[in-house]
Amino acid sequence: MSADPTSASGELAAQVRRRRTFAIISHPDAGKTTLTEKLLLFSGAIQIAGSVKARKASRHATSDWMEIEKQRGISVASSVMQMEYRDCVINLLDTPGHQDFSEDTYRVLTAVDAALMVIDAANGVEPQTRRLLQVCRARNTPILTFVNKMDREVQEPLALMDEIERELGMTVVPFTWPVGMAKFFGGVLDLRADQMRVFAPGEDRVAGDEEVIEGLANPQLAARFGAPYEQAAGEIELVREAAPAFDEAEFLAGRQTPMFFGSAINNFGVQEVLDALVDLAPPPGPKTAIQRTVQPTEPKFSGVVFKIQANMDPAHRDRIAFVRVASGHFERGMRLKVVRSGKELRPNTVVSFLSQRRELLDEAYGGDIIGIPNHGVLQLGDSLSEGEALQFTGLPFFAPELFRAVEVADPLKTKQLRAGLTQLGEEGAIQVFRPMAGSVLLLGAVGQLQFEVVAHRLEHEYGVKARIQPARYNVARWVTSDDANELKRFIDANSHRLALDAVDAPTLLLEYAGELRAIQDNWPKIKFHALREHAGLVFQQRMDA
């Protein structure tokens, strides 16, 4: 007897409603990775938190799995973690804070339904925060704000609130408010729950017996905390008169942000943020494909590859494609079509993540992030479906601003160098260009640190010492044309300054911006792109030419 389709669609809709998929974004050193760790701790996903900065210790942050991250105490790759909390399945994506890895972060932001922005209470809004927020705003991504490090010498909360509103152009609605700061930090007043969670410095575990005082007007608070409480109570009164009430529609449109205060390293304010993510962050929404809009509750599976990571398990030289499930019910072993190539996949070893710890996955629903091990079959931007030709849009690749030539120190290892760079190029860690004339590979990056990470990974993951030297190029543009013959003529005439990228998209490489203007004037039918959004489309145009 066949299953009841009505009950199947009801189950699918219920599973989608349970999902919350969000990214944590911030400027470097605002405490993002620490907060990630503490959210895992408070959800019960881990029992003990690692110290992000303790390089000599045996513990490191769960989300920092790459060797270079452990040495430097920074995040240089996005990591994905799944956990359950209050009957919700939370997919948490920790992104690199460092601006040199902003491309990875931008691509991750295409795979989430909300973002948690972490702000250092001493430094306020910093440059990378503004850049990341612009990407979120362009997608109308709902944002929750966590003001961190209140246990240090920091700016006044009212000044921080004013700065966030002014700098980021969003209305701020406080959901918690700090009592004191630095050595006088007493805890946070929860304005929604009308209670105060009292500060008791915690380190790497959840105490489980923290003190909660009911009622924000409770005389116990004034008696216990004195002037800092009186000041906080006055500020709350002021804020309640001046700030608008929380408006769910404004929040979901990315125009209003709930604000929380705390100290992630000491576990403070983390519980409130975790509860707010479940209560306020939206479940998975529709995804835009070129052909149509795809709803998460549709019965047929579809998904998009937004990230590829090589060597998460160095012993197995693996490549994991991170897929955001856009619709349907994924089941292990099901037949999937790679829309770009037409190839069929039957993934039997699909995994879910707690950073580098992974578990075999039997099923997934819209909003989930699944990992499909593969050897070059999947590329960034690939769409997967049960057969329908869907091409999801919006995955950005930016024209690099820095270029280096790369050669191998030992000529006998040329093959390993090319294999390593091909894999690192496919995962988006660096852009690799193969000049049409000449044999020296070129690397393109947004920031200098990307080159250092690639050199480190080539040596430690692929056993290749590479010489990375300055290249003469400063400008790159992808080229396309509506006229296939004109594109072929352009490629033939400019082969000395053209290269192919990871998906064989033709790329013009120049020394000066002035050269680009002259070429644009001479070739009016050629389009020059600083952003390549969808791998498959450009690749197809190249093949047609």
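- A heavy-atom distance below 4.5 Å is not found between the side chains of M81 and L39.
- Although no hydrogens or angles enter the test, the distance criterion places no donor-acceptor pair under 3.5 Å between the side chain of K287 and the main chain of P296.
- The minimum heavy-atom distance linking A111 with R324 is given by the pair O-NH1, 2.8 Å.
- A ring-centre distance under 6.0 Å is not found for H329 and F301.
- Crowding of E248 atom CD: a count of heavy atoms from other residues, nucleotides or ligands under 6.0 Å not exceeding 12.
- The environment of R152 atom CZ is sparse: at most 12 non-hydrogen atoms of other residues, nucleotides or ligands sit within 6.0 angstrom.
- More than 12 heavy atoms of other residues, nucleotides or ligands sit less than 6.0 Å from atom CZ of F246.
- Using a 4.5 Å cut-off on side-chain heavy atoms (C-beta onward), D279 and R86 make contact.
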Verdict with reasoning, T293 to Q295, per side-chain contact (heavy atoms from CB on, under 4.5 Å): CA-CA 7 Å; T293 298; Q295 299 295 334; 4.1 Å; yes
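- A donor and an acceptor atom, one from each side chain of Q448 and R404, are located under 3.5 Å apart.
- Side chain of N266 to main chain of F268: no donor-acceptor pair is present (N/O by atom type, distance under 3.5 Å, no hydrogens or angles).
- Remark: the backbone N or O of A30 is paired with a side-chain donor or acceptor of N148 at under 3.5 angstrom.
- Here the side chain of R197 pairs no donor or acceptor atom with the backbone of G269 at under 3.5 angstrom.
- The shortest distance between side-chain heavy atoms of L458 and L424 falls below 4.5 Å.
- Remark: side-chain polar atoms of R19 are paired, donor with acceptor, to backbone N or O of Q15 under 3.5 angstrom.
- Between R240 and L191, the shortest heavy-atom distance links the atoms NH2-O, 3.7 Å.
- Considering V323, L93, V108 as possible partners of I369, the one that fulfils the side chain to side chain contact (heavy atoms under 4.5 Å, CB included) test is L93.
- No donor-acceptor pair closer than 3.5 Å links the side chain of K32 to the backbone N or O of I24.
- Of the possible donor and acceptor atoms, one in the side chain of Q256 sits under 3.5 Å from a partner among the backbone N and O of D247.
- With D113 contributing its side chain and P282 its backbone, the two residues share no donor-acceptor pair below 3.5 Å.
- Counting only distance, with no hydrogens or angles, the side chain of E153 and the backbone of A182 share no donor-acceptor pair below 3.5 Å.
- At a threshold of 4.5 Å between non-hydrogen side-chain atoms, the residues V147 and P157 do not count as touching.
- Among all heavy-atom pairs drawn from F403 and G444, the shortest one is CD2-CA, 4.2 Å.
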Side-chain donor/acceptor pairs under 3.5 Å, residues 214-229, sequence neighbours excluded:
{"residue": "N218", "atom": "OD1", "partner": "Q220", "partner atom": "N", "Å": "2.9"}
{"residue": "N218", "atom": "ND2", "partner": "E214", "partner atom": "O", "Å": "2.9"}
{"residue": "R224", "atom": "NH1", "partner": "E211", "partner atom": "OE1", "Å": "3.1"}
{"residue": "R224", "atom": "NH1", "partner": "E211", "partner atom": "OE2", "Å": "2.6"}
{"residue": "R224", "atom": "NH2", "partner": "E211", "partner atom": "OE1", "Å": "2.9"}
{"residue": "Y229", "atom": "OH", "partner": "L216", "partner atom": "O", "Å": "2.3"}

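- Taking each heavy atom of V173 and P244 in turn, the nearest pair found is CG2-O, 3.7 Å.
- Taking 4.0 Å as the cut-off between side-chain N and carboxylate O, D275 and R192 do not count as a salt-bridged pair.
- Taking the six-membered ring for Trp and thresholds of 30 and 60 degrees, F261 and W177 have ring planes more than 60 degrees apart, a perpendicular arrangement.
- Annotation for C88 and V278: closest pair SG-CG1, 3.8 Å, computed over non-hydrogen atoms.
- Across I143, L144, T171, a single residue satisfies side chain to side chain contact (heavy atoms under 4.5 Å, CB included) together with F251, and that is L144.
- Under a 3.5 Å cut-off, the side chain of S383 and the backbone N or O of F392 do form a donor-acceptor pair.
- I25 is listed as a side-chain neighbour of C136, based on a closest heavy-atom distance under 4.5 Å.
- Smallest separation of non-hydrogen atoms from V325 and G328: CG1-O, 4.3 Å.
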